[in-house]
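Okay, structure first, notes after.
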Amino acid sequence: MRRHVQGAGLGILTFSAAKIARFSQKFMILALCAVLFEAQAAESLPHSVSDEEMGQQVQQLDAEILLLKAELARQNGNDRLVKALIDKIPSKRLKAEDRQRLASLQRYCQQKAAVAETDPTHALAPNFTLSFQHPLAILPLSGPYGPLGQSLLKGLQSELGETVQVVDSALFQDPVQLWSLVSLYQPSLILGPLRPDWSLALSQLNTTIPMVTFNAQTISKPHIRSFAPNKRERLLFLNAFLQFQQLKRIGVLYPSAKNAQSYFEIWQALNRESLQPFKIQATQSISRRVDQAFFQLVNADQSQKRARWLQHTLERPLQYQLRARQDLQAIIMMAPRSQGIQGRPLMRYYHLDQASYIWVPDPLPSQEEMVKSLPIWQQTYALFPAYFQLNTQKEAILEVENSTVGIFYAIGEAVVKVLKALQDRNDVSSQIFKTRLGHIWVDKEKQFHLIPKIIWLDEGQAQPFAMSHLWPYLLKPTAAVERKHEGE
């Protein structure tokens with residue numbers, strides 16, 4: 001079966017379903033987007049196809065793109081996104097074979113819903129039933145991760161005392177062997193493990209004991225929650241910030257090193273999953289120097305090429321000024337401190353003063369480095385994790401050491417405080433808790449979110465951004481949220 005899209009002046013574009021299947025869905029979506037853009041461009045050309053027919057073709061392509069996104073979400077196990085996407089697909093705009101694919105996705109969602117209703121653990125999902133009668137920690141107390149596990153255990157004991165029992169996971173080679181010992185304790189609540197692979201392995205066992213893991217491993221089980229700072233969560237708040245500021249045309253600078261866990265790779269994945277992806281107008285990797293990468297990001301290199309061509313054509317030297325693209329509303333740099341600090345001066349050099357500049361530190365600098373460099377930073381929004389403190393007065397009431405061990409103590413302390421508060425309140429609505437680690441948001445499904453910090457840095461000043469402005473964009477991530485400016 002082949003698909004055809006026709007537009008005058010464009011010919012017939014033919015896609016073979018067999019060929020498309022051999023490519024990743026990422027390239028399928030890009031290919032369909034290219035067809036959509038060409039179809040839209042054809043409206044300005046003389047053509048024999050009526051405007052109504054062209055509109056129907058565009059709507060059909062939109063529906064096919066949503067269908068491909070839903071199939072990709074199904075492969076990734078994101079059932080909620082599958083449901084949200086298929087609800088947006090107008091079935092009457094699809095071809096017969098595509099309607100069959102849509103029907104298959106609808107049956108998949110119905111089967112998942114039926115399984116959830118009969119699953120004995122389903123009742124735990126809304127409330128995440130807790131009991132501190134027999135808490136058990138599964139942590140590495142020896143080996144290379146021993147200092148982290150011991151620090152985390154001390155944080156747990158600061159709130160639970162000696163009532164919490166502990167199993168040294170470093171003594172076991174196999175998660176199943178570990179579980180044979182854990183089951184003898186008959187715990188009412190499991191705190192751990194620390195390693196992501198062990199969390200995943202334990203999640204496959206036939207148990208409904210509430211478990212809070214201390215890593216960023218995503219596990220879609222109603223009795224398991226994750227409690228750990230992670231990059232993906234910070235980037236969710238970055239997206240909410242971009243929506244709040246109504247920043248849509250974005251340029252991104254990022255390190256050239258290939259790393260699946262880099263901020264840029266994670267952000268791209270989030271953008272692909274989103275129902276309202278951001279329009280990333282330009283991206284440029286930083287291979288050596290920031291100024292060279294910036295030079296290419298803003299198309300100054302193209303301006304230079306045109307000037308040199310004109311000089312060559314006229315066979316005489318010319319005086320010229322490089323022109324940079326002016327359509328970007330924000331530039332995001334995901335880079336170390338030494339590179340991020342150069343962003344705003346370069347934007348001023350290219351007359352991009354009106355664009356917002358956002359720095360996502362990768363890796364995270366020390367607090368001492370940041371405090372010393374504060375006078376140099378200019379008009380920059382910086383995204384920091386919840387526990388990061390910028391204390392110019394050295395009078396912080398709740399300050400966490402900028403060391404891995406200190407952070408894990410705060411995690412252990414914070415998780416118990418939040419769990420106890422949830423048990424006492426018995427509230428199904430989303431809530432925010434203030435802890436030594438920072439502010440923690442617990443949503444309606446009792447998922448934990450460590451709220452990062454966005455700090456405005458300008459000539460020695462470090463002003464925190466009010467993260468409460470972002471709640472509407474986090475609670476309704478797929479809804480179009482309108483914000484009226486003062487004076488409008």
Side-chain angles (χ1 to χ4, degrees), residues 119-141 145 148-172 175-196 198-229 408-428 431 433 435-437 440-450:
D119 187 350
T121 67
H122 179 66
L124 293 174
N127 300 321
F128 185 56
T129 306
L130 296 170
S131 171
F132 289 97
Q133 188 174 2
H134 300 293
L136 175 68
I138 302 177
L139 298 170
L141 302 181
Y145 297 101
L148 304 185
Q150 291 176 11
S151 180
L152 215 163
L153 178 61
K154 289 178 181 178
L156 296 174
Q157 291 173 337
S158 69
E159 293 294 320
L160 293 174
E162 298 300 324
T163 60
V164 58
Q165 295 178 301
V166 61
V167 173
D168 186 357
S169 59
L171 301 178
F172 297 84
V176 177
Q177 183 185 18
L178 168 66
W179 185 253
S180 64
L181 175 62
V182 169
S183 58
L184 296 178
Y185 284 88
Q186 296 184 340
S188 60
L189 172 65
I190 296 175
L191 300 167
L194 187 59
R195 288 173 48 179
W198 282 55
S199 297
L200 188 60
L202 294 181
S203 71
Q204 307 302 318
L205 300 175
N206 185 22
T207 178
T208 59
I209 301 173
M211 182 186 301
V212 179
T213 67
F214 299 111
N215 52 72
Q217 177 69 49
T218 302
I219 300 173
S220 57
K221 294 281 187 176
H223 63 288
I224 298 178
R225 298 293 184 271
S226 172
F227 193 100
F408 275 81
Y409 179 93
I411 289 175
E413 180 187 61
V415 69
V416 178
K417 282 187 174 182
V418 172
L419 290 174
K420 283 184 175 180
L422 290 174
Q423 187 184 43
D424 294 340
R425 297 186 186 185
N426 194 26
D427 192 352
V428 297
Q431 302 168 67
F433 301 91
T435 70
R436 185 195 299 268
L437 189 65
I440 297 169
W441 168 40
V442 183
D443 63 22
K444 292 182 180 180
E445 296 181 355
K446 296 299 178 280
Q447 299 286 352
F448 303 112
H449 307 274
L450 276 68

- Query: Residues two or more places apart in sequence or in another chain: which of them pass side-chain hydrogen bond (donor to acceptor under 3.5 Å, both in side chains) with Thr213?
  - Reply: none
- Note on the structure: For Glu159 and Val416 the tightest heavy-atom approach is CB-CG1, 3.4 Å
- Any side-chain heavy atom of Val164 sitting closer than 4.5 Å to one from Gln157? yes
- Message: Quick one, Tyr145 and Ser169 - any side-chain contact, counting heavy atoms below 4.5 Å?
- Response: no
- Report yes if some heavy atom in the side chain of Leu419 is under 4.5 Å from a heavy atom in the side chain of Leu191; otherwise report no. yes
- Query: Is the backbone N or O of Gln186 less than 3.5 Å from a side-chain atom of His134, with the two atoms forming a donor-acceptor pair by type?
  - Reply: no
- Met211 side, atom CE; Lys221 side, atom NZ - distance, nearest 0.5 Å: 10.5 Å
- Task: Kindly give the heavy-atom pair with the smallest separation between Ser188 and Pro135, and that separation in Å.
- Result: OG-N, 4.0 Å
- Shortest non-hydrogen contact from Leu189 toward Ser131: CB-O, 3.5 Å
- Item | Note, Val212 side chain near Ile190 side chain (heavy atom, < 4.5 Å) | no
- Query: Heavy-atom distance under 4.5 Å between the side chains of Ile411 and Pro229, does that happen here?
  - Reply: yes
- Message: Show the nearest heavy-atom pair for residues Leu437 and Ala414, with the distance to one decimal.
- Response: CB-CB, 4.2 Å
- Item | side chain to side chain contact (heavy atoms under 4.5 Å, CB included) between Val415 and Arg225, worked out | CA-CA 11 Å; Val415 69; Arg225 298 293 184 271; over 6 Å; no
- Result for side chain to side chain contact (heavy atoms under 4.5 Å, CB included) between Ile138 and one of Val182, Leu181, Leu194 points to Val182
- Heavy atoms of Ser199 and Pro193 approach each other most closely as OG-CG, 3.5 Å
- Message: Within this structure, what is the CD-CD1 distance for the pair Gln431 and Ile440, rounded to the nearest 0.5 Å?
- Response: 12.5 Å
- Would you call Tyr185 and Gln165 a side-chain contact if the rule is heavy atoms closer than 4.5 Å? yes
- Any idea which heavy atoms bring Ala137 and Leu153 closest together, and the distance? CB-CD1, 4.4 Å
- Task: Measure from the side-chain N and O atoms of Ser183 to the backbone N and O of Ser180, and report whether any donor-acceptor pair falls under 3.5 Å.
- Result: yes
- Message: Using 0.5 Å steps for rounding, measure from the OH atom of Tyr409 to the OG atom of Ser158.
- Response: 4.0 Å
- Item | Test item: Lys417 side-chain N/O and Gly412 main-chain N/O as donor-acceptor pair under 3.5 Å | no
- Query: Quick one: are Leu139 and Asp168 in side-chain contact, heavy atoms under 4.5 Å?
  - Reply: no
- Please examine the side chains of Ser203 and Leu200, heavy atoms only from C-beta on, and report whether any two atoms are closer than 4.5 Å. yes
- Task: Enter the distance from Leu450:CG to Trp441:CH2 here, rounded to the nearest 0.5 Å.
- Result: 12.0 Å
- Note on the structure: Here the gap from Leu205 atom CG to Leu202 atom CG, rounded to the nearest 0.5 Å, amounts to 5.5 Å
- In this structure, CG of Leu171 is separated from CD of Gln177 (nearest 0.5 Å) by 10.0 Å
- Task: Kindly write out the residues that satisfy ring pair (Phe, Tyr, Trp, His ring centres under 6.0 Å) with Phe227, not counting sequence neighbours, or none if the list is empty.
- Result: Phe448
